[in-house]
Amino acid sequence: MRDAVTSLIKNYDLTGRYLDRDAIDQLKSYFQTGTARVQAAAVINSNAAAIVKQAGSQLFAEIPELIRPGGNAYTTRRYAACLRDMDYYLRYATYAMVAGDTDVLDERVLQGLRETYNSLSVPIGPTVVGIGILQGIVREQIAAAGVPTGEYIDRPFDHLI
Ligand code: CYC
């Protein structure tokens with residue numbers, strides 16, 4: 001698992017380069033957004049359950065077939081699995097936000113996920129819709145808490161999507 005600094009150093013060390021202007025710009029942006037990223041994580045932490053609940057309701061309102069007989073989130077077991085997955089996406093997106101790097105998502109979430117979903121007939125399209133809904137709610141809540149918003153919020157969700 002890497003963060004923005006370790007990723008950058010890894011890349012520069014591979015080619016034996018000193019940190020050039022481009023690297024310095026990336027580092028500056030990482031440190032300048034540092035406080036906002038940590039505050040955003042705090043906002044998400046104190047609203048996580050409500051965010052997942054709201055995102056689930058919105059997803060099932062947009063795609064009601066999911067919870068009808070034959071839908072992949074039909075039966076309480078699968079409904080719960082779906083909300084649990086949304087909770088995973090939110091939690092890991094928060095880690096990636098703090099790290100300023102999406103590596104944790106590849107390593108802990110996305111690896112092998114497509115195969116798992118395909119074998120269980122979990123539909124990828126609606127999952128992507130669900131992650132987009134989470135993203136919108138998170139963006140709103142962070143803004144409402146008065147924390148500076150920016151690309152740092154979208155990057156982990158866009159990566160999952
Ligand atoms: C199942 N989701 C699963 C399974 C895994 C994950 C491994 C199979 C095992 C299980 O049921 O627990 C996902 N596990 C993860 C992820 C991590 C992990 C991401 C990383 C931390 O450890 N169904 C829908 C919706 C969607 C959905 C569109 C919610 C957005 O219709 C999710 N995932 C869903 C459902 C199941 C599932 C319903 C159960 C499928 C089944 O057993 O038939």
Side-chain angles (χ1 to χ4, degrees), residues 1-11 26 30 33-145 147 149-161:
M1 203 205 81
R2 295 193 300 263
D3 58 33
V5 177
T6 51
S7 278
L8 188 118
I9 291 174
K10 180 172 184 254
N11 289 338
Q26 286 181 50
Y30 174 68
T33 57
T35 309
R37 284 183 288 104
V38 172
Q39 287 174 329
V43 171
I44 295 170
N45 174 54
S46 48
N47 297 298
I51 294 171
V52 170
K53 192 175 168 204
Q54 190 188 330
S57 309
Q58 224 168 295
L59 175 65
F60 298 133
E62 274 180 36
I63 315 177
E65 308 82 66
L66 292 174
I67 49 171
R68 293 204 186 114
N72 188 264
Y74 178 68
T75 74
T76 48
R77 182 187 67 79
R78 286 198 294 262
Y79 188 104
C82 183
L83 291 182
R84 180 213 52 200
D85 283 10
M86 301 272 275
D87 190 59
Y88 284 152
Y89 296 131
L90 179 62
R91 182 161 58 86
Y92 281 94
T94 312
Y95 296 159
M97 214 179 275
V98 169
D101 197 288
T102 54
D103 183 58
V104 65
L105 301 177
D106 294 329
E107 190 182 297
R108 309 274 169 90
V109 180
L110 295 173
Q111 206 185 138
L113 186 61
R114 187 180 297 276
E115 292 72 20
T116 306
Y117 271 16
N118 286 341
S119 71
L120 291 169
S121 307
V122 177
I124 310 256
T127 303
V128 164
V129 172
I131 296 169
I133 293 171
L134 278 174
Q135 178 173 20
I137 298 172
V138 164
R139 216 192 280 123
E140 263 171 36
Q141 297 225 350
I142 291 173
V147 176
T149 56
E151 226 209 323
Y152 77 88
I153 299 171
D154 291 311
R155 218 172 285 136
F157 293 101
D158 290 344
H159 188 80
L160 287 170
I161 285 170

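Since this is a predicted model, take the numbers as computed values, not measurements. Atoms within a ligand are numbered from 1 in the order they appear, just like the ligands themselves.
For the ligand labelled ligand 1, residue Tyr79 lies outside the 4.0 Å heavy-atom shell. In this structure, Gly130 falls outside the shell of residues with a heavy atom less than 4.0 angstrom from ligand 1. Proximity of Arg91 to ligand 1 is not established, as no heavy-atom distance is less than 4.0 Å.
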field: side-chain hydrogen bond (donor to acceptor under 3.5 Å, both in side chains) assessment of Tyr95 paired with Arg91
entry: CA-CA 7 Å; Tyr95 296 159; Arg91 182 161 58 86; 3.0 Å; yes
Go through Asn118 and Ile124 one step at a time and tell me if the side chain to side chain contact (heavy atoms under 4.5 Å, CB included) criterion holds.
CA-CA 8 Å; Asn118 286 341; Ile124 310 256; 4.2 Å; yes
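No more than 12 heavy atoms of other residues, nucleotides or ligands lie within 6.0 Å of CD in Glu151, so this atom counts as exposed by the packing criterion. Counting heavy-atom neighbours within 6.0 Å of Tyr74 OH, excluding the residue itself, gives a total of 12 or less. Taking a 6.0 Å sphere around CD of Gln111, one finds it holds 12 or fewer heavy atoms contributed by other residues, nucleotides or ligands.
Taking SG of Cys82 as the start and CG of Leu59 as the end, the distance is 6.0 Å to the nearest 0.5 Å. Atom CZ of Arg78 and atom CD1 of Ile67 lie 12.5 Å apart (nearest 0.5 Å). Taking CD of Gln135 as the reference point, atom OH of Tyr89 lies at 14.0 Å (rounded to 0.5 Å). A distance of 5.5 Å separates CG of Leu90 from CZ of Phe157, quoted to the nearest 0.5 Å.
Counting only heavy atoms of the protein, atom 7 (C) of ligand 1 lies nearest to Thr116 CG2, 3.8 Å. Of the protein's non-hydrogen atoms, the one nearest atom 43 (O) of ligand 1 is Arg78 CD, 3.1 Å. For atom 22 (O) of ligand 1, the closest non-hydrogen atom on the protein side is Tyr88 CE1, 3.9 Å. When hydrogens are left out, the protein atom nearest atom 21 (C) of ligand 1 is Tyr92 CE1, 3.5 Å; that is the closest non-hydrogen contact. Protein heavy atom nearest atom 30 (C) of ligand 1, with residue, atom name and distance: Cys82 SG, 3.1 Å. Among all protein heavy atoms, the one lying closest to atom 4 (C) of ligand 1 is Arg84 NH2, 3.8 Å. The protein non-hydrogen atom at the shortest distance from atom 9 (C) of ligand 1 is Leu120 CD1, 4.4 Å. Taking atom 34 (C) of ligand 1 as the reference point, the nearest protein heavy-atom neighbour is Asp85 OD2, 3.5 Å.
Residue Arg108 touches ligand 1 through its backbone alone, judged by heavy-atom distances below 4.0 Å. At a heavy-atom cutoff of 4.0 Å, ligand 1 is contacted by both the backbone and the side chain of Asn72. Contacts between Leu113 and ligand 1, counted as non-hydrogen atom pairs separated by less than 4.0 Å, involve the side chain only.
For the pair Asp106/His159, a side-chain contact is recorded, criterion being any heavy-atom separation below 4.5 Å from C-beta on. In this structure, the side chains of Thr102 and Leu160 stay at 4.5 Å or more apart for every pair of heavy atoms.
For ligand 1, the atoms closer than 4.0 angstrom to any heavy atom of Thr127 are 26 (C), 28 (C). The distance from ligand 1 to the heavy atoms of Ala73 drops below 4.0 Å at these ligand atoms: 31 (O). The ligand atoms of ligand 1 that sit less than 4.0 angstrom from a heavy atom of Ala81 are 35 (C), 36 (C), 37 (C), 39 (C). The Val122 neighbourhood of ligand 1 comprises atoms 23 (N), 27 (C), 32 (C), 33 (N), 34 (C), 35 (C), 36 (C), 37 (C), with distances under 4.0 Å to a heavy atom of that residue.
The shortest N or O to N or O distance between Tyr89 and ligand 1 is not under 3.5 Å. Close N/O approach between Arg77 and ligand 1 is found [any backbone or side-chain N/O within under 3.5 Å].
Tyr30 is linked by a ring pair (Phe, Tyr, Trp, His ring centres under 6.0 Å) to nothing, counting only residues two or more places apart in sequence or in another chain.
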